[in-house]
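Okay, so here's the structure we're looking at.
Just so it is clear, the model here is predicted, and its values are computed rather than measured. In what follows, chains carry the letters A, B, and so on, assigned in the order in which the sequence lines appear, proteins first and then strands, with residues in each chain numbered from 1.
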Amino acid sequence: MKAAIKRVGTRLSDKTLRFIFDGREYEAQVGDTAASVLMAHGIFALGRSVKYRRLRGLLAVGPEEPNALLTVGVTPMVIPNVSAPQLQLREGLVLKSQNRWPSLRFDVASLLQLGSGFFGAGFYYKTFMWPSWRTYESLIRRLAGLGEAPGASDLPVAAVEYLSCDVLVAGAGAAGLSAALVAAHTGARVVLVEREPVLGGELEFESALVDGQPATSWVTATEQMLQTLGVRILTDTTLVGGTGGVHIAHHEPGGLAGHNKVFHIRSRVLVIAMGAIERPIALINNDLPGVMLLGAAERLSRRYGALTGRRAVIFANHQRAYAAAARLVKAGVSVRAVIDTRSAAVLEQDAVTARHCASLQVAGVLCLSESAVVSAKGWRTVTGVDIQHLRSGKAKRIACDLLLTSGGWSPAMHAGLQGGGTTRYAADKATFTVTDQPIGRVTVGASSGHFELAAVLSEAASVTARVMSELGLVSDGAGIPMGLGDPAPRLAPYWRAPCTPSQEKRQFIDFQNDVTVADLRASLAEGFRDIEHVKRYATLGIGTEQGRTSTVLGAAILAELKGESIESVGLSRPRPPYHPMTMRAMAGLRVGSALRVAKRTPLHDWHVSHGGVLDPMGLWMRPRFYRSNGADAAIAAVTEARRVRTTGGIVDGSTLGKIEVVGADVAAFLDSMYLTKASTIKIGRSKYMVNLREDGMVLDDGIVLRLAADRFIATTSSGHAEHMLSHFEHYREVDWPGRAVTLTDITDAWSVIAVAGPRSRAAIQHVLGSEWQSRIETLTHMDFAQGHYAGVALTVLRASFSGELAYELHVGPAAAVALWEALVTSGLEPYGIDALDILRVEKGYLVSSELNGQTTPGDLNMDSLVRLGNPCVGRALLDRPAFHEPTRGRLVGVRAVDGCSGFLAGAQLTTLSSTQPLGYITSSVFSPTLNEWIGLALLARAQAIEGATLIARDPLRGQETPVRVTSTVHVDPTGERIKS
Amino acid sequence: MSTHVQTESCWLVRSVAVRVVEIAAFDASSTAGDGLGLPRRPGTVTGTDDGGSSLYFAPGRWLLVGPSAAFEARIRAAAQWGSWVEVTGKWVAMTLQGPGAQRVLASTIDVEATLQGRECAAVTLFDCPSILVRDELGFTVWVHASVASDWVAAVERLGAALTVTTG
């Protein structure tokens, strides 16, 4: 084990913990991140790049870090792509570097670097074409991708919280705190989210003063004030997306998926104060471990006491580099040189810079103006840099093990470019800022291009005050904080150091995707000139860091290559989530059995306890069959169906949709909704009816019961109640506004037990008792009677979906189980949905696959209903010629010619001599009544002739079965059973 | 029949069945006044002398819980105005109380925004069609009977999850 190297930092404690990195145990201090402790141990290479497998070290310390991504856990329970600088270590964590095999130090695939000249942008698209992409797929998939996908997970379900506020402030740096203060003082409900575990942002590093006190003290006092004012502060929480005024914030303590929480925050105003991101400068080999951003080195030093190198060179294009250099020197870093691209004349005009230069030179730091680091030297890590004077071309080499670059800052623009918002180039700051924000969204501070503390504080306060006043909320006296911090950067745009064209393939822009200057040049050569096209062709700005360090740099270099201004090139638009989050966190509570709601009938528990095998059908859980009738589904279903035909059975039909339609106008309304008239149904009678869509296709079918002159119950097929209710409501609102029609879903208010078979009447009479005897005796087909059972309302409807003498018992859920058990006791055994399907197909009744949204009444042999001429929704379009062409399918029955061969739904029907499909089998079952396979099929009208012989071809199973076209009614064609 | 679910910070009781009726006006924009005794303002709840209550839960829609015979007669007599539909068994009442009750509901809906200026609202809670009612002791949630088991399961899961989350 490598013992901890004792350090002092603002986020470290003296306690230690142990973790494993690439199989070796290390000791860290509590508070350490994976990056900080590994760098403290002198481990600068933390991973390999995805494409060329080049060794990579830390570039940044925030969500913009493109290189140092680790896999946490042990296969298969891993979490890939965890950002090392954000991963707060916990006892016993197991970490693994990514994109390498067998080890980080030696990776076989790193040999790809030797061919990097051939692997430019577009290489995959052009190369792996012959003989087939499949030839290479396996190898490429093994090499591609970031990290290892988890094969299993023991992560807890992410918590979810919905909340609302007047103002959501994203970011708790100087600007965010200033904005939150102003908003809170107006009495508004404020939520403040901050991705770091502590508030303050950049104030943690600047030796600044706010309101005359050290910035860190002001942050502490402000946090207390905000809490006093009732502001809800969410740390370790990042704004990751949102739409329509609802913003998504992701809480991930310690930077590792585990106890995540997803906030859905509805706010009237979103204040984006997410700061700015330091960007690198492109130079040869700028991806070597040991090349990192200046700000990252400062953070590692202050927070974790981690010195990222012993001899540093700083390369920048702005004044703040000198103050940072002075702080690093103070922290113990040997800064060898500060290389500034700006001219000596510019530097001399700036007294602050001149003073810093002088003191640095006294400390032995070389300060070079109008110069650039053109190349980082070294193999596995930086060993030196080549410097060139930009005017004279004079070269110089300095030995170092750390190159700190800073090319300026890019405002965090992701949140400001969703649902509106555009960018504008600010030449004086050499960056883009967001503009044209929609109502209710503003950017403040560094997010809006302000980089000086005083300006940040005052602009955030004034912008927020203006927005609050637009809401009618006025501050009760919050003053504008006065800040004194690092001076303005006085930045001169500088994007990449000079190099030859052949060296451009080692000037990296997007580290995560190995995008180089050469790749942008290749994109242009291929005709991909727009920034959005370049992004996709060269993979610029995609991945976990979402182009935070590369988008603006890429746009600037693209502008140079195109010979255009950077304004005209513009930026690509980022997409949410702005910050990576696990799929599990995105799923929120919808995980496992909670993925979707399951509907249960009042008889659900009875089915489960009596061997019912339940399957989801739509959202409903329904018993397919009962194990008491056989362990095999097919055998059990046949047994159950045979029993219904011979004696009888009961099935749970509670899933049938039921809509109560009430009002003086409902008869006419229902006439308009069904193919046949409801107004002709007598009270106490019911009717089988069919709905059409507006285009004439059959939408649904069911029985409509007339309870009174102004009251009907329309039943729908299982799972269609919500859809049919919506369908009815649409036409009521559109075509029947103000008319006396109400619609109420009563599906859950009534359990339905369907009793079928020769013994059904006797069983019902026995169970319901004497008061029902004569009423049931006199019920004719489609009659119903109402009364009570065990004190609960009961409707007995004589209707059949099996072809047998059958009744539906609609009873209140409170009495459902008692009634069911009484029927079972009377000798009727339950059957499942599989048996019901057999009974339906035997009788030629429609099963769900015939109502597939593509069949008309004519297709389903309902011509007689159409001829009645009821002008309902969809009726007019039934006369379309296409619906009557001879090639259009019509429902027929089919049976195997040999009387014993099977065929399955989906098989195509062809003539004996052709493989041209003429139709297909929609439903097929083994009929226990006929002792053979039977089916329903949609067959071209021209061939839908009873007695014709066709082939049922099932190429997937390699089956070809000769079948005979029959009537759709296979059993009891005269309906004797149903009338008995 | 009742089911009790106790978590660290809240408790839920699935209440016994009561008679429930839905009232719907033919014209959703018409007022409920007219001497019918229904709540007049959307989102409000009124009680009756005999222990029943009326929830104005959606445009032109009321839920009557345990209506008295007299009340029923009055509403039925106004047949030109709207409909009376017996829905006993359609809804299951869940009583959610305790300091963590609102936090449980906040896992599926913005409670404050939903009930701002109202006492009840038709909503979707844990993907289940529901009517949310805030009262003095906490919340009563009317859930479709077919999904009530899933609703209870969601609360049970949250009971475990909420003890470990922060923020």
In residues 127-146 of chain B, which residues are in contact with chain A at a heavy-atom separation under 4.5 Å?
-> B:D127, B:C128, B:H144, B:A145, B:S146
With a 4.5 angstrom heavy-atom cut-off, which part of A:T744 approaches chain B: side chain, backbone, both or neither?
-> both
Looking at A:R266, A:R739, A:R732, A:K599, which has the largest count of heavy-atom pairs under 4.5 Å with chain B?
-> A:K599
Considering non-hydrogen atoms only, spot the tightest contact between A:T747 and A:G657 and give its length.
-> OG1-CA, 3.6 Å
No-hydrogen, no-angle side-chain donor-acceptor test under 3.5 Å, A:N260 and A:H250 | yes
Shortest non-hydrogen contact from B:G37 to B:R74?
-> CA-NH2, 4.3 Å
Under 3.5 Å: donor-acceptor pair, side chain of A:E196, backbone of A:V198 | no
For each of B:T88, B:T108, B:V147, tally heavy-atom pairs with chain A at distances under 4.5 Å, and name the one with the top tally.
-> B:T108
Ring centres of B:W81 and B:W62 under 6.0 Å apart?
-> yes
Do B:E22 and B:K90 meet the salt-bridge criterion of a basic N to acidic O distance under 4.0 Å?
-> yes
Please answer whether the main-chain N or O of A:V741 pairs with a side-chain N or O of A:W736 as donor and acceptor at a distance below 3.5 Å.
-> no
When only pairs under 4.5 Å are counted, which of B:W84, B:W91, B:F26 shares the most heavy-atom pairs with chain A?
-> B:F26
Positions in residues 109-122 of chain B that reach chain A, provided some heavy atom is under 4.5 Å away | B:I109, B:D110, B:E112, B:A113
Judged by atom type as modelled, is there a donor-acceptor pair below 3.5 Å linking the side chain of B:T44 to the main-chain atoms of B:R41?
-> yes
Quick one: does A:D665's side chain have a donor or acceptor within less than 3.5 Å of a partner on A:A740's backbone?
-> yes
Return yes if a side-chain donor-acceptor contact under 3.5 Å exists between A:T742 and B:S83, otherwise no.
-> yes
Sort B:A25 into side chain, backbone, both or neither according to what part of it lies under 4.5 angstrom from a heavy atom of chain A.
-> backbone
Apply salt bridge (Lys or Arg N to Asp or Glu O under 4.0 Å) to the pair A:E252 and A:R584, showing each step before the final yes or no.
-> CA-CA 12 Å; A:E252 190 173 67; A:R584 178 166 284 249; over 6 Å; no
Residue from A:T235, A:D236, A:T237, A:D745 scoring the most non-hydrogen pairs under 4.5 Å with chain B is A:D745
Would you say the side-chain atoms of B:D150 pair up with the backbone N or O of B:A148, donor to acceptor, closer than 3.5 Å?
-> no
By a 4.5 Å heavy-atom criterion (distance strictly below it), what part of A:L619 contacts chain B: side chain, backbone, both, or neither?
-> neither
Less than 6.0 Å separating the ring centroids of A:H604 and A:W620?
-> no
